[in-house]
Novice: 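Below: one structure in structure tokens.
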Number of protein chains: 2
Amino acid sequence: MSPTLDPASEGCVAARQVLDRVGDKWSIYIVMMLSGEPMRFNQLKRSIDGISQRMLTLTLRSLERDGLVTRTVFPTVPQSVEYRLTALGLTLLAPVKTLAEWAQANAEDIQNARFAFDAISINSEGNATAGVTRVRFG
Amino acid sequence: MSPTLDPASEGCVAARQVLDRVGDKWSIYIVMMLSGEPMRFNQLKRSIDGISQRMLTLTLRSLERDGLVTRTVFPTVPQSVEYRLTALGLTLLAPVKTLAEWAQANAEDIQNARFAFDAISINSEGNATAGVTRVRFG
DNA sequence: CCGTATCCTCATCGATACTG
DNA sequence: CAGTATCGATGAGGATACGG
């Protein structure tokens with residue numbers, strides 16, 4: 001079909017930009033947590049297992065900077081801060097879900113491929129037939 | 001619509017798995033380069049600007065391990081090695097393109113949001129009205 | 001409650017040099 | 001041509017402590 005996409009092409013560059021944005025350790029979790037309702041800082045912190053206060057702050061700031069999330073301070077005592085997806089942030093959910101669906105659909109295949117690959121690696125790969133060293137499975 | 005996705009839910013975990021797979025610096029470029037035709041090692045190296053021999057090898061191995069790419073050695077002199085997307089690897093192109101399209105559609109909005117955010121940061125953020133410190137733009 | 005500031009660790013990645 | 005081996009720099013990210 002498509003005749004090889006040049007890495008300098010718009011599509012490649014664009015893809016990498018989203019990945020730089022959302023490919024880090026925590027952004028996805030935060031975006032998905034906010035997909036339903038706005039949440040407060042510590043509420044997010046408790047919901048996302050393993051995230052440090054530092055990384056939650058940093059990731060939220062960066063999402064806010066990119067216009068995906070708004071931060072609203074309520075002058076209660078003690079203060080409370082609410083984070084909410086913007087309209088732009090909401091549109092991000094669709095492509096992310098597409099990605100998640102691909103993952104769920106193919107997780108098993110990938111697992112099998114890994115097992116097969118690792119199994120061969122252990123056997124020190126020896127028996128290549130006619131110069132072809134391809135992983136075979138199934 | 002959706003009532004907040006738990007980060008431990010399948011969708012979240014799945015999404016992070018793909019991102020771990022394809023969110024690194026070079027995988028996307030390689031997958032997209034191979035989307036049209038199979039390519040040889042140095043051919044890839046020349047095509048992907050800035051990639052080191054080391055990272056090309058590592059990334060290709062990891063793609064091979066996950067069953068996204070096949071590696072075929074031809075016993076020519078000097079030897080040549082051909083990399084090709086598997087059927088599974090080809091299916092990855094669709095979700096990646098979805099992501100790329102989102103990026104292209106919203107790149108400008110994100111840029112504007114960044115400019116706005118950075119501008120406010122410089123002004124030392126001062127004038128919050130009624131406890132709300134939201135970035136406003138447009 | 002919602003952060004910021006420091007320190008420290010570990011993985012990632014580039015550069016370089018060397019083999020079949 | 002297609003790698004592997006080694007080293008060093010950089011930065012992401014956790015732990016902890018403190019401030020508004």
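Only a predicted model underlies this, so the values are computations on that prediction, with no experimental measurement involved.
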Novice: Rounded to whole angstroms, how far apart are CZ on B:Arg21 and C1' on C:dT12?
Specialist: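 So the two atoms are 15 Å apart, to the nearest Å.
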Novice: Looking only at atom types and distance, does a side-chain atom of B:Gln111 sit under 3.5 Å from a main-chain N or O of B:Glu108, one as donor and one as acceptor?
Specialist: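 No.
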Novice: How long is the line joining CD of A:Gln79 and P of C:dC1, in whole Å?
Specialist: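 Rounding to the nearest Å, CD of A:Gln79 and P of C:dC1 are 11 Å apart.
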Novice: For A:Arg40 and C:dC1, is the shortest distance between a side-chain N/O and OP1 or OP2 below 4.0 Å?
Specialist: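 For C:dC1, neither OP1 nor OP2 has a side-chain N or O of A:Arg40 closer than 4.0 Å.
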Novice: Check the distance between C:dC2's P and A:Glu64's CD and give it to me in whole angstrom.
Specialist: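 The distance from CD of A:Glu64 to P of C:dC2 comes to 15 Å, rounded to the nearest Å.
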Novice: Rounding to a whole Å, what distance do you find between B:Asp24:CG and C:dT12:P?
Specialist: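 About 10 Å, once rounded to whole Å.
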Novice: Roughly, in whole Å, what's the span from CG in B:Asp49 to P in C:dC13?
Specialist: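 Value for this atom pair: 17 Å.
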Novice: Using a 4.0 Å cut-off on heavy atoms, which residues in residues 50-60 of chain A reach DNA chain C? List them by number, or say none.
Specialist: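 The answer is A:Gln53, A:Arg54, A:Thr57.
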Novice: Which nucleotide in the list D:dC1, D:dG14, C:dT4 gets nearest to the side chain of A:Trp26?
Specialist: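 So the nucleotide nearest the side chain must be D:dG14.
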Novice: What are the two closest non-hydrogen atoms of A:Phe117 and B:Arg61, and how far apart are they?
Specialist: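 Of all heavy-atom pairs spanning A:Phe117 and B:Arg61, the closest is CZ-O, 4.2 Å.
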Novice: Taking the minimum atom-to-atom distance to the side chain of B:Tyr83, which one of D:dG3, C:dG14, C:dC2 wins?
Specialist: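 For B:Tyr83, the side-chain atoms sit closest to D:dG3.
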Novice: Got a minute to check which stems DNA chain D is part of, using Watson-Crick or G-U wobble pairs under 3.5 Å, three or more consecutive?
Specialist: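 Correct response: C:3-20 with D:1-18.
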Novice: Would you say the side-chain atoms of B:Thr98 pair up with the backbone N or O of B:Ala94, donor to acceptor, closer than 3.5 Å?
Specialist: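 Checked: pair present.
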Novice: What heavy-atom pair brings A:Ser27 and A:Val22 nearest, and what distance separates the two atoms?
Specialist: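 Minimum heavy-atom separation between A:Ser27 and A:Val22: CB-CA, 4.1 Å.
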Novice: Rounded to whole angstrom units, what separation is found between the CZ atom of B:Phe74 and the P atom of D:dG3?
Specialist: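 About 13 Å, once rounded to whole Å.
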Novice: Round to the nearest Å and state the distance from B:Phe41 atom CZ to C:dG20 atom P.
Specialist: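 Going from B:Phe41 (CZ) to C:dG20 (P), I get 18 Å.
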Novice: Hey, are A:Arg65 and B:Ser121 close enough side-chain-wise for a donor-acceptor pair under 3.5 Å?
Specialist: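 Per modelled atom types, B:Ser121 and A:Arg65 side chains form no pair under 3.5 Å.
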Novice: Is the backbone of A:Leu68 close enough, under 3.5 Å, to the side chain of A:Asp66 for a donor and an acceptor to pair up by distance?
Specialist: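 Such a contact is absent between A:Asp66 side chain and A:Leu68 backbone.
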Novice: Taking B:Leu58 as the starting point, is it possible to reach B:Val73 by hopping between hydrophobic residues whose side chains are less than 4.5 Å apart?
Specialist: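 Yes; B:Leu58 is reachable from B:Val73 via cluster members.
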Novice: At their closest point, which heavy atom of A:Gly67 faces which heavy atom of A:Thr86, and how far apart are they?
Specialist: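 Smallest interatomic distance, heavy atoms only, reads O-OG1, 2.6 Å.
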Novice: Figure out the CG/P separation between A:Asp20 and C:dT12, and round it to whole Å.
Specialist: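 Nearest whole value for this atom pair: 16 Å.
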Novice: Choose from C:dT4, D:dC1, D:dG3 the nucleotide whose nearest atom is closest to any side-chain atom of A:Arg61.
Specialist: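 Out of C:dT4, D:dC1, D:dG3, the nucleotide with an atom closest to A:Arg61's side chain is C:dT4.
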Novice: Tell me what A:Lys25 touches on the nucleic acid: a base, only sugar-phosphate, or nothing, going by heavy atoms under 4.0 Å.
Specialist: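 Sugar-phosphate only.
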Novice: Using 4.0 Å as the upper bound for N to carboxylate O, is an ion pair formed by A:Arg114 and A:Asp118?
Specialist: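 So A:Asp118 does not pair with A:Arg114 through a salt bridge.
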